[in-house]
Amino acid sequence: MSDAALRGGTPPGVRWRLRGLSRGFPKPSALPGFGITFGFAITYLSLIVLIPLAVLVARAADLGLDGIWRVATTPRVLAALEVSFFISAAAALVNAVFGTIVAWVLVRYDFPGKRLLDAAVDLPFALPTAVAGIALAALYATNGWIGSLFAPFDIKIAFTPLGILVALIFIGLPFVVRTVQPVLQDLDRDVEEASATLGATRAQTVLRVVLPALAPALLTGVAMAFARAVGEYGSVIFIAGNMPFVSEIAPLLIVTRLEEFDYAGAAAIATIMLALAFVTLLAINALQSFSRRRFGHA
Amino acid sequence: MTIRQSLLAATAITVAFMTVIVAARAQTTSQEVVLTNVSYDPTRELYRALNDAFAKEWQASTGQKVTIRTSHGGSGKQARSVIDGLEADVVTLALAGDIDAIARESKRLPADWQKRLPNNSSPYTSTIVFVVRKGNPKGIKDWPDLAKQGVAVVTPNPKTSGGARWNYLAAWAYELDRTRNVKEGGDQAAARKFVEAIYKNVPVLDTGARGATTTFAQRAVGDVFISWENEAFLIQQEFGADKFDIVVPPFSILAEPPVSLVDHVVDKRGTRKVAEAYLGFLYSPAAQKIIAHNFYRPSKPEAADPADLARFPKIQLVSIDQVFGGWTKAQTEHFADGGVFDQIYKPTGKAATR
């Protein structure tokens with residue numbers, strides 16, 4: 001976005017979209033096959049995503065809007081939502097920093113075992129999350145390898161909110177690395193060299209040349225890591241301690257409701273989580289399209 | 001290799017794998033009957049032994065091969081799977097309340113299921129005891145010791161774990177019994193305070209009994225672990241008697257984990273005969289012997305090995321029906337949403353539980 005746009009002018013992309021909205025569909029593409037692929041896309045999305053989510057909302061609707069609101073605003077649920085969303089955000093941010101560094105190392109340097117390390121990044125995807133949770137709890141408990149290092153300072157990791165953070169960082173890492181890595185790979189080194197020849201310091205080059213180019217991909221990665229973390233259950237319950245108001249995550253409350261055969265209540269909490277996650281992702285998406293336009297990766 | 005070649009190779013390998021798996025499965029499913037037993041967490045070892053014994057007996061008497069698949073998990077979660085459609089021929093859960101829920105929610109078995117087999121449909125019973133670290137450093141002997149300050153107690157969340165409900169109710173029943181002289185039937189308010197004090201000492205609420213066992217035994221969290229008696233013995237066996245002691249309180253609760261047919265499923269699958277025989281077998285002398293050997297209290301002790309029986313100390317035991325008026329009542333009063341257990345945890349509890 002240019003400075004003029006910041007002062008209030010509408011950038012071209014937005015104008016196009018506004019026009020598109022007002023006219024329903026934009027002009028048919030010159031590319032053939034729109035009808036059939038669009039049909040497939042919508043059917044597929046409906047079967048896999050939209051219909052299940054609609055059923056969820058319908059279940060919750062049994063309670064009525066005020067019923068959902070009552071469930072949402074009980075202190076216990078509020079506390080759990082706070083734990084889930086804040087710790088997920090924190091984990092996503094940690095991953096934003098360290099995931100980018102990992103991607104950088106994997107793209108820019110050659111070292112023995114690089115392939116192996118590269119492959120290892122995907123492991124959190126493949127590992128059953130319960131296994132991850134148990135392994136992390138074993139490591140970070142006060143008698144575990146890592147936990148015992150912190151124990152003398154009276155820092156407990158497993159069975160506290162810190163434990164949740166560790167688990168969520170673990171499951172979120174691949175999202176950031178795998179979205180940043182390809183962009184970094186495609187990034188022209190010439191640009192960095194040009195920046196250097198024009199007198200920029202290393203810090204300036206990284207902050208003003210490399211990072212802006214990575215921003216859209218990084219945001220995508222962070223958004224995915226965050227979304228995954230919010231919904232994560234398996235690994236967290238083994239390391240969280242699950243104390244109400246302290247380290248109880250919202251998905252656990254949903255499971256608890258299900259144990260009580262209270263399907264509507266469970267669906268209500270799930271709907272609230274869904275709405276919150278949707279709003280957050282929408283905000284990140286907006287931020288992303290902003291940075292795309294700003295840094296010219298449209 | 002070109003991309004195309006490697007794609008081909010990958011596809012070939014995948015297909016080969018799938019073929020092997022499918023072939024292996026096909027072999028096991030021919031010429032035999034398969035029963036699905038949906039059970040709860042700590043019965044893994046027990047049913048492994050019982051299933052083998054029953055399969056042998058069934059083949060000897062009928063010539064038919066029977067395979068029993070037993071699935072384990074938190075009792076409430078298992079009940080929900082059955083309600084949601086898991087095709088269980090028999091259910092063997094931690095408490096009658098969970099099978100009641102199946103009858104109520106899914107109508108797959110009659111409401112009076114518990115009257116169909118002897119001993120409230122419980123071929124074995126158990127009770128709730130304490131596991132402490134070797135030498136019992138905190139000197140834990142009885143229920144009041146769990147409510148003392150500075151004692152960390154490990155027990156799972158009663159809302160997600162059937163076993164934990166027994167733990168909770170045992171503590172409640174203890175305090176009622178203690179205050180019986182003060183008040184007719186015991187002092188409910190005192191019992192509530194007592195249970196609250198115990199849960200203030202709980203640093204980790206696992207979702208299931210096995211998770212809590214791991215927390216206590218492997219993560220070294222807590223001074224005392226409230227546990228099924230059978231699980232307590234298993235911990236000693238698994239981790240070594242030199243690490244943990246079992247403390248049996250003088251008073252506890254009679255835990256009756258019941259079993260039942262799921263009528264709807266056995267009729268649909270045509271497995272009623274073998275499923276009935278399976279449940280009947282649980283009451284047979286051979287099974288009762290296995291049960292006692294696996295640390296459950298047999299309903300027919302005369303069939304068991306006296307050496308196995310000697311491991312069960314005499315305790316004063318009270319039943320849910322006596323003290324709480326049955327599971328349905330206990331469930332709604334204590335464990336339903338907003339019930340007594342939920343009230344223990346208040347936002348102000350934050351500082352206390354840290």
Side-chain angles (χ1 to χ4, degrees), chain A residues 70-71 74-80 82-83 130 133-144 147-148 151 154 156-163 233-234 236-249 251-266 268-269, chain B residues 74-81 83-84 97-98 100-102 104-106 152 154 156-162 165 199-200 202-208 210-212 214-222 331-332 335-339 341-354:
Chain A
R70 220 174 315 120
V71 171
T74 53
R76 181 93 173 261
V77 173
L78 282 179
E82 191 186 310
V83 167
I134 291 168
L136 289 172
L139 273 180
Y140 286 90
T142 43
N143 67 342
S148 60
D154 211 26
K156 280 189 199 157
I157 299 177
F159 312 121
T160 70
L162 267 183
Y233 175 75
V236 175
I237 52 157
F238 288 101
I239 196 171
N242 306 322
M243 297 308 294
F245 297 101
V246 178
S247 55
E248 187 175 56
I249 55 169
L252 175 60
L253 269 190
I254 297 178
V255 172
T256 310
R257 288 292 164 100
L258 290 176
E259 301 288 325
E260 293 162 5
F261 312 107
D262 177 10
Y263 288 70
I269 303 179
Chain B
S75 189
K77 192 173 76 197
Q78 295 289 78
R80 206 181 60 249
S81 306
I83 291 170
D84 289 343
D98 284 329
D100 281 340
I102 299 174
R104 190 178 61 237
E105 305 272 331
S106 77
V154 174
N157 187 338
K159 302 195 71 161
T160 47
S161 158
R165 267 170 242 173
Y199 276 91
K200 287 274 184 286
V202 175
V204 174
L205 275 179
D206 278 291
T207 52
R210 276 283 150 101
T214 312
T215 301
F216 178 76
Q218 294 195 315
R219 312 277 175 267
V221 172
Q331 179 74 29
T332 40
F335 309 120
D337 189 38
F341 180 72
D342 274 346
Q343 290 164 25
I344 291 178
Y345 290 100
K346 299 179 197 94
T348 46
K350 205 165 187 165
T353 48
R354 273 261 162 85

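Throughout, protein chains are lettered first and strands after them, A, B, ... in sequence-line order, and every chain is numbered starting at 1.
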Rounded to the nearest 0.5 Å, what separates atom [atom1] in [X] from atom [atom2] in [Y]?
X: A/Phe238; Y: B/Thr214; atom1: CZ; atom2: OG1; value: 8.0 Å
X: A/Tyr263; Y: B/Asp84; atom1: OH; atom2: CG; value: 3.5 Å
X: A/Thr74; Y: B/Asp337; atom1: OG1; atom2: CG; value: 7.5 Å

*For A/Thr256 and B/Thr160, work out which heavy atoms get closest and say how close.*
OG1-CG2, 4.0 Å
*Sidechain-backbone polar pair: A/Asn242 side chain, B/Leu205 backbone, donor-acceptor under 3.5 Å*: yes
_Main chain of B/Gln218, side chain of A/Asn143: is a donor-acceptor contact present, judged purely on distance under 3.5 Å?_
yes
*Partners of A/Tyr140 by ring-ring contact (aromatic ring centres under 6.0 Å, His included), sequence neighbours excluded?*
none
*Is it the side chain or the backbone of B/Ala336 that comes within 4.5 Å of chain A heavy atoms, both, or neither?*
backbone
*Mind checking what makes salt bridge (charged side-chain N to carboxylate O under 4.0 Å, His left out) contact with B/Arg219, not counting sequence neighbours?*
none
*List the steps, then state whether side chain to side chain contact (heavy atoms under 4.5 Å, CB included) holds for B/Tyr345 with A/Met243.*
CA-CA 9 Å; B/Tyr345 290 100; A/Met243 297 308 294; 3.8 Å; yes
Pick one of side chain, backbone, both or neither for [X], based on which atoms fall under 4.5 Å of a heavy atom in chain B.
X: A/Ala138; answer: both
X: A/Leu258; answer: both
X: A/Ala240; answer: neither

*For chain B, which of A/Ala141, A/Gly265, A/Ala158, A/Gly241 has the most heavy-atom pairs under 4.5 Å?*
A/Gly241
